[in-house]
Amino acid sequence: MQFEYFRPDATVRDLIGSYYRTTVTDHLVDVMRAEIANIRFILSGGVTSDIGGTPVFYGPGSAILCGPTFKWSRVEFQPNTILIGAAITPLGWARMFDIPANDLADNIRPLKDCIPEALHAHLDAVFDSANDGKRVQMADELFAALDHPHKKINQDFLDKVTAWITDPEPNELEDLMASVNLSPRQVERLSKQYFGSAPKKLHRKFRALHSANRLTWQELTDWRDVATTAYFDQSHFIREFRLFNGRTPSEFINGAHLLVRHTLTERRQIEHHSPYSLVG
């Protein structure tokens with residue numbers, strides 16, 4: 001399995017955390033941890049995902065919009081699979097799509113069903129491009145065409161939640177509530193609209209992802225080094241870690257799990273404009 005990352009153009013850098021090319025030469029079954037929204041263009045081979053609850057195969061020519069996920073999923077790559085992906089930030093979701101993020105949480109839709117028909121040619125151009133550089137350029141143009149920069153968005157709320165969940169240091173829901181001048185009902189509504197879930201679940205997800213990141217980046221061999229006091233006990237930590245990362249902490253440290261390990265390692269090799277492209 002090989003990964004290569006590409007920087008989005010400055011015109012869409014707030015909307016797209018990063019582009020990535022995934023190449024899988026041999027048949028591979030693995031897990032995908034919970035993540036932010038993504039768009040994936042399947043160039044060859046094929047991918048089977050059960051994000052929506054039932055395994056679905058996506059073959060060459062498929063362009064799919066994957067909503068933010070809040071549990072691990074099973075993924076199967078056919079031999080010689082190549083895909084180009086784009087990590088969609090919450091701001092990107094809000095400005096490019098009219099679907100609340102929670103409506104597509106833990107689910108996948110064909111991208112053509114979610115964009116205006118007038119932009120289908122932009123999407124086709126990604127597949128018709130002769131090389132990755134041109135594909136990224138065509139994807140930049142597609143997302144720039146989808147962007148509605150003057151759309152009404154609560155930017156202050158979005159920024160504060162972004163800082164709250166991407167900060168690797170322990171923090172709690174009370175910290176977020178103290179920073180926003182909104183009612184609990186408003187906070188829940190906006191969190192679902194922009195991020196895909198209520199704040200409590202969002203917090204649980206990113207807390208577990210940060211734990212896995214530390215295990216990888218700090219090359220730790222004892223998962224107890226990342227089990228913060230925010231968990232009730234070790235059993236609670238293990239359950240939460242597995243729900244969002246797909247393996248227990250011990251399995252994560254000792255197992256092969258190519259997909260997660262490779263992506264986490266490669267993400268640190270590039271500059272990140274968006275904090276989401278490093279964490280989620």
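Nothing fancy with the numbering, it's 1 onward along the sequence.
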Quick one: closest heavy-atom pair of [X] and [Y], and the distance?
X    : Y    : value
L119 : L142 : O-CD1, 4.0 Å
R7   : V136 : O-CG1, 4.4 Å
I16  : P8   : O-CG, 3.2 Å
A212 : F252 : O-CE2, 3.6 Å
P60  : G45  : CD-O, 3.2 Å
W93  : P68  : CZ3-CD, 4.5 Å

Inset, instruction - Take F195 and L190 through the side chain to side chain contact (heavy atoms under 4.5 Å, CB included) test and state the conclusion after the steps. - result: CA-CA 8 Å; F195 298 91; L190 290 173; over 6 Å; no
Inset, instruction - Quick one: which residue pairs count as a side chain to side chain donor-acceptor pair (under 3.5 Å) with a foot in residues 190-200, not counting sequence neighbours? - result: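 Only E188-K192 qualify under side chain to side chain donor-acceptor pair (under 3.5 Å).
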Inset, instruction - Scan for side chain to side chain donor-acceptor pair (under 3.5 Å) pairs involving residues 139-158, sequence neighbours excluded, and state none if there are none. - result: Y19-D140, R95-D147, D98-K151, Q155-D159, D156-K160
Legend entry - Inter-residue atom distance E76.CD - D50.CG, 0.5 Å rounding: 10.5 Å
Legend entry - From F97 atom CZ to L65 atom CG, the distance as rounded to the nearest 0.5 Å: 4.5 Å
Inset, instruction - Kindly indicate, with the supporting measurements, whether the criterion side chain to side chain contact (heavy atoms under 4.5 Å, CB included) is fulfilled by L202 and F70. - result: CA-CA 8 Å; L202 192 65; F70 295 87; 4.0 Å; yes
Under 4.5 Å between any side-chain heavy atoms of [X] and [Y], yes or no?
X    : Y    : result
F143 : I39  : yes
K112 : E117 : no
W72  : R242 : yes
R135 : F6   : no
N245 : L209 : yes
S179 : W164 : no
L146 : P116 : yes
Q78  : F57  : yes

Inset, instruction - Go through the steps to decide whether I84 and V126 satisfy the test side chain to side chain contact (heavy atoms under 4.5 Å, CB included), and finish with yes or no. - result: CA-CA 9 Å; I84 297 289; V126 177; 5.6 Å; no
Do you know which of [options] makes side-chain contact (heavy atoms from CB on, under 4.5 Å) with [X]?
X    : options                : result
P199 : L173, V161, I165, V180 : L173
I51  : V75, I108, I64         : I108
I82  : D132, L43, T25         : L43

Legend entry - same_hphob_cluster(I99, L123) at 4.5 Å side-chain heavy-atom cutoff: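 Same cluster: I99 reaches L123 through Ile, Leu, Val, Met, Phe, Trp or Tyr contacts under 4.5 Å.
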Inset, instruction - Report whether V56 and M32 are members of the same hydrophobic cluster (ILVMFWY, side-chain heavy atoms less than 4.5 Å apart, transitive linking). - result: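 Per the 4.5 Å side-chain linkage, V56 and M32 are co-clustered.
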Would you find a donor on one side and an acceptor on the other, under 3.5 Å apart, between the side chain of [X] and the backbone of [Y]?
X    : Y    : result
T81  : G46  : yes
N131 : K134 : yes
D26  : V24  : no
K205 : T69  : yes
T89  : D14  : yes

Inset, instruction - Assess whether atom CD of Q186 is packed by more than 12 heavy atoms of other residues, nucleotides or ligands within 6.0 Å. - result: yes
Legend entry - Atom CG of D113 with >12 non-hydrogen neighbours under 6.0 angstrom: yes
Inset, instruction - Run the salt-bridge test on E35 and R40 with the 4.0 Å N-O cut-off and return the result as yes or no. - result: yes
Legend entry - Under-4.0 Å salt bridge between R247 and D30: yes
Inset, instruction - Show your working on side chain to side chain contact (heavy atoms under 4.5 Å, CB included) between D167 and F206 and close with a plain yes or no. - result: CA-CA 9 Å; D167 183 353; F206 276 85; over 6 Å; no
Inset, instruction - Check the angle between the aromatic planes of F3 and Y5 and answer parallel, tilted or perpendicular using the 30° and 60° thresholds. - result: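 The arrangement is parallel - the two ring planes meet at less than 30°.
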